[in-house]
Each structure stands twice: as C-alpha cells, then as structure tokens.
Amino acid sequence: MPYLPIDPKDLGRDYEAVIRVNSQSGKGGVAWVLEQDRGLKLPKRMQADFSRHVQALADETRRELNAADIRQKFEAVYLPGDGDRIALVDYEETGAAGQRVFVGRIAVDGVEQSISGRGNGLISGVIDALAGTTGPSLDVVDYSEHAIGHGADAQAAAYVECRTVDGRTVFGVGIDADIATASVRAVLSAANRA
C-alpha cells in the first residue's frame with residue numbers, strides 16, 4: 001500500500017475502486033489487477049512485456065481500463081486463439097528421468113501432424129520436437145508455475161520466457177488442470193509468438 005495514505009478497507013472500499021489503469025500505469029498495477037481477477041502471478045520480466053500491451057490498449061481506447069479489459073488483452077496475447085499457427089491436439093511423454101521422449105500431435109496452420117523430440121524433461125522434449133519440424137528454434141531462459149485456486153478443482157499456470165535464434169525474447173503461458181499440459185501449452189504459446 002505504498003501510494004495510499006489509508007487502507008481502503010477502513011472506509012468500506014476495496015482496492016479495485018482505487019487501482020486505475022491507463023496508458024501511464026506501471027507493470028505492478030497491471031500485474032496486481034490480473035492476479036486479483038484471474039489468480040495469475042506473472043513473472044517480473046513478463047509483467048514488463050504484458051504492460052506494453054496494456055499501455056497500447058489504453059492509448060488506443062483513450063480511457064481507463066478495467067479488470068475485464070486487462071483479462072481479455074492477456075488472453076488475446078498469450079493464451080491459445082484462432083490466429084495461432086501451432087495448436088496442441090494431444091501428447092504423451094515417456095522415458096526415464098533425464099531421457100524423456102515427447103510424442104505429440106499438433107495442428108500447424110490447421111493441418112494435424114505428429115512430432116517427437118527428446119530432452120532431459122518434458123519442456124526440452126517439446127522444444128526439440130518443434131525445432132525438428134515446422135516450429136521455431138527456442139531456448140528456454142526462464143520457467144515458473146503455480147496453482148490457480150485450491151483443492152481438486154485447482155488449475156495450473158505455467159510461464160516460459162524463451163529466446164529465438166535471432167535473439168528476440170518471447171513469452172508463453174499455459175493454463176490447464178494438469179501442470180505438465182500447462183507446460184506444453186506454455187511452450188507452444190511462446191512458439192506462436194516467435
């Protein structure tokens with residue numbers, strides 16, 4: 001509460017009425033709204049990336065943005081959508097620790113195909129499978145995950161920061177009931193932005 005002289009709860013209000021997001025807003029305010037609205041805890045570097053998109057939206061609409069605006073922008077930028085080139089159909093992972101094999105079916109530009117790759121874990125297997133087919137070559141710089149909610153109905157959120165062969169940084173997000181599937185979706189999300 002560094003910017004507020006009193007706690008809004010002392011006046012019967014909440015932070016939602018106090019936090020205003022516009023083209024001048026910082027990454028912390030945007031991330032806070034997204035965490036309160038969706039339970040997503042974006043990594044610091046991803047907060048900066050997403051903040052650029054939110055600022056552009058605020059400039060475009062010339063108004064303060066609400067939680068629904070921020071949520072919709074996040075989903076359009078990072079989560080699977082109709083405009084994505086690569087989509088997950090199904091996959092399985094086998095092999096011993098350190099020698100994992102990823103075998104999957106993906107749709108590339110709407111056409112299903114099988115891919116496979118090897119790595120020391122699931123994510124490196126997906127990266128290898130993409131590099132060996134029509135996907136981009138990516139290098140994972142950072143990975144994080146957390147639960148959204150509690151109990152048996154909790155979902156998992158996975159975040160990856162990747163570097164492309166030409167040195168660009170791309171971020172990906174995956175959300176699923178299964179953390180492994182969320183991780184695969186996060187890598188494909190990054191591949192769609194590469």
Side-chain angles (χ1 to χ4, degrees), residues 27 31 34-35 38-53 74-150 152-194:
K27 63 185 180 189
L34 196 56
E35 183 174 350
R38 287 285 313 263
L40 298 171
K41 301 172 187 169
L42 278 69
K44 290 285 184 199
R45 290 176 43 93
M46 187 176 194
Q47 289 178 18
D49 183 71
F50 182 53
S51 181
R52 289 182 306 107
H53 295 284
F74 179 83
E75 291 170 357
V77 172
Y78 300 109
L79 296 183
D82 294 337
D84 287 349
R85 182 170 178 262
I86 304 168
L88 178 65
V89 176
D90 195 12
Y91 79 95
E92 66 179 49
E93 179 190 24
T94 59
Q99 296 292 322
R100 305 303 290 174
V101 177
F102 170 85
V103 177
R105 292 201 48 80
I106 61 172
V108 179
D109 297 324
V111 178
E112 283 191 27
Q113 65 181 48
S114 295
I115 62 171
S116 65
R118 294 181 177 274
N120 61 359
L122 177 60
I123 292 174
S124 59
V126 176
I127 296 282
D128 183 59
L130 287 172
T133 58
T134 60
S137 293
L138 299 172
D139 184 32
V140 176
V141 175
D142 191 30
Y143 170 84
S144 62
E145 62 188 40
H146 66 83
I148 303 171
H150 305 284
D153 293 333
Q155 290 209 300
Y159 310 91
V160 292
E161 176 183 349
C162 297
R163 187 166 295 119
T164 64
V165 291
D166 60 359
R168 290 181 305 113
T169 298
V170 293
F171 294 89
V173 178
I175 299 174
D176 197 88
D178 175 64
I179 188 59
T181 303
S183 300
V184 173
R185 291 186 190 286
V187 172
L188 295 181
S189 170
N192 278 311
R193 279 131 200 89

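Along the sequence shown, residues are numbered consecutively beginning with 1.
- The closest donor-acceptor contact from the side chain of D84 to the backbone of G81 lies under 3.5 Å.
- Contact annotation: the side chain of I86 approaches that of P136 to within less than 4.5 Å [non-hydrogen atoms, C-beta and beyond].
- Counting all heavy atoms, side chain and backbone alike, A194 lies closest to T164 at CB-CG2, 3.8 Å.
- Here the closest non-hydrogen pair linking A131 and S137 is CB-OG, 3.9 Å.
- Other residues, nucleotides and ligands place no more than 12 heavy atoms under 6.0 Å from the CG atom of D153.
- Residue-environment remark: CD (Q113) exceeds the threshold of 12 foreign heavy atoms within 6.0 Å.
- With hydrogens and angles ignored, the 3.5 Å screen pairs no side-chain donor or acceptor of R85 with any backbone N or O of A191.
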Please assess Y143 against E145 for the test side-chain hydrogen bond (donor to acceptor under 3.5 Å, both in side chains), listing each intermediate value before the final yes or no. CA-CA 7 Å; Y143 170 84; E145 62 188 40; 2.4 Å; yes

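- Here the side chain of T133 pairs a donor or acceptor atom with the backbone of A129 at under 3.5 angstrom.
- Here E161 contributes atom CD and D139 contributes atom CG; the two are 10.5 Å apart, rounded to the nearest 0.5 Å.
- Electrostatic pairing of R185 and D176 counts as a salt bridge here, judged by a charged N lying under 4.0 Å from a carboxylate O.
- The shortest side-chain heavy-atom distance between T169 and V141 does not fall under the 4.5 Å cut-off.
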Determine whether R45 and D142 satisfy the following criterion, side-chain contact (heavy atoms from CB on, under 4.5 Å), listing intermediate values before the conclusion. CA-CA 10 Å; R45 290 176 43 93; D142 191 30; over 6 Å; no

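- Heavy-atom minimum distance, M46 versus F74: CE-CE1, 4.4 Å.
- Counting only distance, with no hydrogens or angles, the side chain of D128 and the backbone of R118 share a donor-acceptor pair below 3.5 Å.
- Annotation: ring pair (Phe, Tyr, Trp, His ring centres under 6.0 Å) contacts of H53 (sequence neighbours excluded): none.
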The test is side-chain contact (heavy atoms from CB on, under 4.5 Å); show your working for L130 and L188 and say whether it passes. CA-CA 9 Å; L130 287 172; L188 295 181; 3.9 Å; yes

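- F171 has its ring centre no less than 6.0 Å from the ring centre of Y78.
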I148 vs I175, test: side-chain contact (heavy atoms from CB on, under 4.5 Å). Steps then yes/no. CA-CA 9 Å; I148 303 171; I175 299 174; 4.2 Å; yes

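- Under the 3.5 Å distance criterion, the side-chain polar atoms of S189 are left unmatched by any main-chain donor or acceptor of G172.
- Remark: the backbone N or O of V103 is not paired with any side-chain donor or acceptor of E92 at under 3.5 angstrom.
- Summarising the geometry, atom CG belonging to L40 is positioned 5.0 Å from atom CG belonging to L34; distances are rounded to the nearest 0.5 Å.
- Judged by distance alone, with hydrogens and angles left aside, the side-chain atoms of S183 form a donor-acceptor pair with the main-chain N or O of I179 at under 3.5 Å.
- Looking at Y91, its side chain does come within 3.5 Å of a backbone N or O of T181 through a donor-acceptor pair.
- Of the inter-residue distances, the one linking L79 atom CG with N192 atom CG reads 11.5 Å to the nearest 0.5 angstrom.
- Between the CD atom of E35 and the NE2 atom of H146 there is a distance of 7.5 Å, given to the nearest 0.5 Å.
- Closest approach of Y159 to A157, counting heavy atoms only: OH-CB, 3.8 Å.
- Side-chain contact check for V170 versus L138: some heavy-atom pair is nearer than 4.5 Å.
- Side chain of D90 to main chain of R105: no donor-acceptor pair is present (N/O by atom type, distance under 3.5 Å, no hydrogens or angles).
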